*Asks:* 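This structure is in structure tokens; I'll ask about it shortly.
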Amino acid sequence: MARVGPFSIALLLCLALACVADAARKTVGVYELKNKKGDFSIKVTNWGASLMSVLVPDSKGNLADVVLGYDTLAEYVDGSSAFGTVVGRVANRIANGSFVLDGKTIHLNKDGTTVLHGGHRGFNRVIWTVKEYVPCGDSPFITLYYRSFDGEQGFPGDLDVYVTYQLSSPHHLIARMNATALNKATPVNLANHAYWNLGGHRSGDVLGQVIQVFASRYTPVDRSMIPTGEIAGVAGTPYDLRSPTRLGSRVRLVSGAGMAGFDINYEVDGWDGGDGGLRKVAAVRDPASGRALELWADQPGVQLYTSNWMSGVKGKGGAVYGQYGAVCLETQGFPDAVNHPNFPSVIVRPGAAAYRHDMLFKFSSS
């Protein structure tokens with residue numbers, strides 16, 4: 001009898017897992033990607049195209065899950081926290097739930113006085129279709145698809161949306177988002193809403209972690225968290241994070257909607273109109289574990305949020321997440337760009353260039 005080598009067994013197992021996944025593409029499930037070494041893996045669900053877990057080693061090789069989340073799919077469906085989801089059709093806020101596009105006023109389904117993250121049934125609250133799934137190998141990946149229909153949450157036009165998560169050596173996570181307007185012009189601004197804690201999701205607050213944001217300007221907001229339209233310099237303000245800064249030294253010097261902490265959009269340095277190139281957006285390091293994260297992306301802005309409003313949220317493995325328990329770094333177009341002509345446009349038109357949003361998360365430890 002011919003002997004089957006370890007590589008052949010691994011390949012057969014990988015193919016078998018892909019075949020099993022094929023039978024469940026239109027149901028809500030959990031999909032794991034893992035590198036060959038076994039020291040880097042993620043889990044994704046097609047509910048909201050959500051990033052459920054990211055396991056990476058610390059300086060001693062100990063693995064920990066560095067994103068907040070829930071244990072069960074039911075909790076993702078019923079939970080109020082957008083842990084790891086893809087938010088859209090338009091991330092962040094739209095003032096008064098309306099805007100003018102090509103001379104026509106568009107009225108969205110408002111949540112109070114604004115629309116946040118695409119509305120109460122945004123892309124984070126729908127089932128995505130699994131289009132491709134390769135769980136292991138040199139560069140495992142999963143591609144998810146959603147058809148957003150004309151009038152969904154009030155947005156015009158049908159929209160084809162794809163999201164791909166992919167692992168790369170040594171500990172790199174790639175996220176790619178693409179969207180094509182099929183029949184009407186429409187705003188598109190997608191973001192991943194992962195809550196990062198490099199100490200591990202159950203390690204407490206992130207106030208001792210060190211952050212650097214590569215941005216010289218930011219977009220000030222009013223009391224309703226709507227940008228004023230100004231693009232201001234960070235120099236001389238508590239928002240200046242151009243040098244590595246311990247979060248705890250600044251978090252109570254800034255506020256969002258009356259709560260101490262960061263919840264603000266920065267203009268990423270070097271963005272010049274969108275040539276598709278990745279730029280270094282931010283870096284975070286946890287001194288206790290030695291884990292570090294560099295975020296690179298091709299969008300003009302990044303929303304920094306320090307989980308100011310999180311309190312007593314029951315998470316994975318019995319963890320309870322409290323205030324400042326994570327940091328969100330949401331690369332995106334500027335908030336309320338549809339109502340500020342001086343902001344980079346987020347309008348996508350049929351027959352023109354498709355929307356594209358690429359992110360690279362580089363994990364390391366020392």
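Computed over heavy atoms, backbone and side chain alike; hydrogens, waters and symmetry mates excluded. None of the values given here were measured: they were computed from a predicted structure.
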*Asks:* Okay, side chain of Asp263, backbone of Ala257: is any donor-acceptor separation there less than 3.5 Å?
*Replies:*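 It does not hold such a pair.
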*Asks:* Strictly below 4.0 Å, N to O, side chains only: are Asp269 and Arg279 in salt-bridge contact?
*Replies:*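 Arg279 and Asp269: not salt-bridged.
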*Asks:* Judged by atom type as modelled, is there a donor-acceptor pair below 3.5 Å linking the side chain of Glu152 to the main-chain atoms of Ser148?
*Replies:*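 Here the side-chain-to-backbone pair does not exist.
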*Asks:* Transitively linked via ILVMFWY side-chain contacts under 4.5 Å: Val281 with Val87?
*Replies:*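 Val281 does not cluster with Val87.
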*Asks:* Take Thr164 and Thr143, measure what side-chain hydrogen bond (donor to acceptor under 3.5 Å, both in side chains) needs, and give me the verdict at the end.
*Replies:* CA-CA 4 Å; Thr164 297; Thr143 296; 2.8 Å; yes
*Asks:* Side-chain contact, heavy-atom cut-off 4.5 Å: Ser81 with Tyr70?
*Replies:*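 Yes - at least one pair of side-chain heavy atoms lies under 4.5 Å apart.
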*Asks:* For Phe361, run the ring pair (Phe, Tyr, Trp, His ring centres under 6.0 Å) check against Tyr165, Trp196, Trp296 and tell me which one passes.
*Replies:* Trp196
*Asks:* Are there over 12 heavy-atom neighbours, none belonging to Lys34, within less than 6.0 Å of that residue's NZ?
*Replies:*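 No, not enclosed.
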*Asks:* Do Thr237 side-chain atoms and Ala235 backbone N/O form a donor-acceptor pair below 3.5 Å?
*Replies:*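 Here the side-chain-to-backbone pair does not exist.
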*Asks:* Less than 4.5 Å apart, any side-chain heavy atom of Phe141 and any of Glu132?
*Replies:* yes
*Asks:* Measuring only between side-chain heavy atoms, which start at C-beta, is Ile231 closer than 4.5 Å to Tyr218?
*Replies:* no
*Asks:* Under a 4.5 Å side-chain heavy-atom rule over Ile, Leu, Val, Met, Phe, Trp and Tyr, are Ile42 and Val284 clustered together?
*Replies:*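 Same cluster: Ile42 reaches Val284 through Ile, Leu, Val, Met, Phe, Trp or Tyr contacts under 4.5 Å.
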*Asks:* Evaluate Gln323 against Asn308 for side-chain hydrogen bond (donor to acceptor under 3.5 Å, both in side chains), listing each step before the verdict.
*Replies:* CA-CA 5 Å; Gln323 189 179 40; Asn308 314 331; 6.0 Å; no
*Asks:* Decide yes or no for His117 and Phe123: does some side-chain heavy atom of the first lie under 4.5 Å from some side-chain heavy atom of the second?
*Replies:* no
*Asks:* Kindly assign one of parallel, tilted or perpendicular to the pair Phe83 and Tyr195, based on the angle between their ring planes and the thresholds 30° and 60°.
*Replies:* perpendicular
*Asks:* So which atom in Tyr266 and which in Ala215 form the shortest heavy-atom distance, rounded to 0.1 Å?
*Replies:* CB-CB, 3.6 Å
*Asks:* Please check if the side chain of Asn96 supplies one atom and the backbone of Ser98 the other of a donor-acceptor pair under 3.5 Å.
*Replies:* no
*Asks:* Nearest heavy-atom pair of Ile174 and Ser168: which atoms, and what distance?
*Replies:* CD1-CB, 4.0 Å
*Asks:* Working to the nearest 0.5 Å, report the span between CG of Asn192 and OG1 of Thr331.
*Replies:* 8.0 Å
*Asks:* Is it true that Phe214 and Leu304 fall in one hydrophobic cluster, defined by side-chain heavy atoms closer than 4.5 Å?
*Replies:*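 In one cluster: no.
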*Asks:* Under 3.5 Å, is there a donor-acceptor pair between the side chain of Arg176 and the main chain of Val163?
*Replies:*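 No, because the side chain of Arg176 does not come within donor-acceptor range (under 3.5 Å) of the backbone of Val163.
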*Asks:* Hey, does Glu75 have a side-chain heavy atom less than 4.5 Å from the side chain of Lys314?
*Replies:*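 Side chain of Lys314 against side chain of Glu75, heavy atoms only: no contact under 4.5 Å found.
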*Asks:* With distance as the sole criterion, is a donor-acceptor pair present between the side chains of Gln166 and Ser139 under 3.5 Å?
*Replies:* yes
*Asks:* Using modelled atom types only, decide if a donor and an acceptor are shared between the side chain of Asp205 and the backbone of Gly325 within a distance under 3.5 Å.
*Replies:*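 Here the side-chain-to-backbone pair does not exist.
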*Asks:* From Ser307 OG over to Tyr321 OH, what is the distance, rounded to the nearest 0.5 angstrom?
*Replies:*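 Those atoms lie 11.0 Å apart.
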*Asks:* Please check: side-chain N/O of Arg125 versus main-chain N/O of Gly119, any donor-acceptor pairing under 3.5 Å?
*Replies:* no
*Asks:* In Å and rounded to the nearest 0.5 Å, what is the CH2 to OH distance from Trp309 to Tyr324?
*Replies:* 10.0 Å
*Asks:* So how far is it from Tyr162 OH to Thr180 OG1, rounded to the nearest 0.5 Å?
*Replies:*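 Going from OH on Tyr162 over to OG1 on Thr180, the span is 8.0 Å.
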*Asks:* Which value, rounded to the nearest 0.5 Å, describes the distance between Arg242 atom CZ and Ser216 atom OG?
*Replies:* 5.0 Å
*Asks:* What do the steps show when you test Ser203 against Asn197 for side-chain hydrogen bond (donor to acceptor under 3.5 Å, both in side chains), and what is the final call?
*Replies:* CA-CA 8 Å; Ser203 64; Asn197 186 331; 3.2 Å; yes
*Asks:* Do we see a donor-acceptor contact under 3.5 Å between the side chains of His357 and Asn189?
*Replies:*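 Checked: His357/Asn189 side chains show no N/O donor-acceptor pair below 3.5 Å.
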*Asks:* Where is the tightest heavy-atom contact between Ser365 and Asp58, given as atom of each residue plus distance?
*Replies:*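 Ser365 and Asp58 have their closest heavy atoms at OG-O, 3.2 Å.
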*Asks:* Would a single hydrophobic cluster contain both Ile264 and Leu253, if residues Ile, Leu, Val, Met, Phe, Trp and Tyr are joined by side-chain heavy-atom contacts under 4.5 Å?
*Replies:*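 No, because Leu253 and Ile264 fall into different hydrophobic clusters, even though each may have its own neighbours under 4.5 Å.
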*Asks:* Is it true that a side-chain atom of Asp336 and a backbone atom of His340 form a donor plus acceptor pair closer than 3.5 Å?
*Replies:* no
*Asks:* Please lay out, stage by stage, how Leu55 and Ser53 fare under the test side-chain contact (heavy atoms from CB on, under 4.5 Å).
*Replies:* CA-CA 6 Å; Leu55 267 68; Ser53 71; 4.2 Å; yes
*Asks:* Strictly below 4.0 Å, N to O, side chains only: are Arg291 and Asp286 in salt-bridge contact?
*Replies:*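 No, Arg291 and Asp286 are not salt-bridged.
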*Asks:* Has the side chain of Lys316 got a donor or acceptor atom that lies under 3.5 Å from a matching backbone atom of Thr72?
*Replies:* no
*Asks:* Measure the shortest side-chain to side-chain distance between Gln153 and Leu108 over non-hydrogen atoms and say whether it is less than 4.5 angstrom.
*Replies:*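 Not in contact.
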*Asks:* Under a 3.5 Å distance rule, please check whether Thr306 uses its side chain to pair with a backbone N or O of Val327 as donor and acceptor.
*Replies:* no
*Asks:* Should Phe99 and Leu116 be counted in the same cluster of Ile, Leu, Val, Met, Phe, Trp and Tyr side chains packed under 4.5 Å apart?
*Replies:* no
*Asks:* Kindly compute the distance separating CD (Glu294) from CZ (Arg285), expressed to the nearest 0.5 Å.
*Replies:*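 Glu294 CD to Arg285 CZ: 12.5 Å, rounded to 0.5 Å.
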*Asks:* Before giving the answer on side-chain contact (heavy atoms from CB on, under 4.5 Å), spell out for His193 and Glu330 the whole-Å C-alpha distance, their side-chain angles and the decisive distance to 0.1 Å.
*Replies:* CA-CA 6 Å; His193 209 294; Glu330 307 158 54; 3.4 Å; yes
*Asks:* Quick check on side chain to side chain contact (heavy atoms under 4.5 Å, CB included): which of Val188, Thr186, Leu101 does Ile347 satisfy it with?
*Replies:*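 Result for side chain to side chain contact (heavy atoms under 4.5 Å, CB included) with Ile347: Leu101.
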*Asks:* Less than 4.5 Å apart, side chain to side chain, heavy atoms only: is that true for Pro344 and Pro300?
*Replies:* yes
*Asks:* I need the single residue from Asn178, Thr129, Asp160, Asn46 that forms a side chain to side chain donor-acceptor pair (under 3.5 Å) with Tyr145. Which is it?
*Replies:* Asp160
*Asks:* With the side chain counted from C-beta on, respond yes when Asp138 and Lys36 share a heavy-atom pair under 4.5 Å apart, and no when they do not.
*Replies:* yes
*Asks:* Test side-chain contact (heavy atoms from CB on, under 4.5 Å) on Val30 and Met52; report intermediate values, then the result.
*Replies:* CA-CA 9 Å; Val30 178; Met52 299 175 69; 3.9 Å; yes
*Asks:* Show your reasoning for whether side-chain contact (heavy atoms from CB on, under 4.5 Å) applies to Thr245 and Asp240.
*Replies:* CA-CA 9 Å; Thr245 305; Asp240 189 351; over 6 Å; no
*Asks:* Are any of the side-chain nitrogens in Asp102 or Lys184 under 4.0 Å away from the carboxylate oxygens of its partner?
*Replies:* no
*Asks:* Out of Ile226, Thr113, Val221, which one pairs with Arg93 under the side chain to side chain contact (heavy atoms under 4.5 Å, CB included) rule?
*Replies:* Ile226
*Asks:* Between Asn265 and Thr219, does any side-chain donor sit less than 3.5 Å from a side-chain acceptor?
*Replies:*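 Checked: Asn265/Thr219 side chains pair up, N/O donor to acceptor below 3.5 Å.
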*Asks:* For the residue pair Trp128 and Tyr146, does the interplanar ring angle fall in the parallel (under 30°), tilted (30 to 60°) or perpendicular (over 60°) class?
*Replies:* tilted
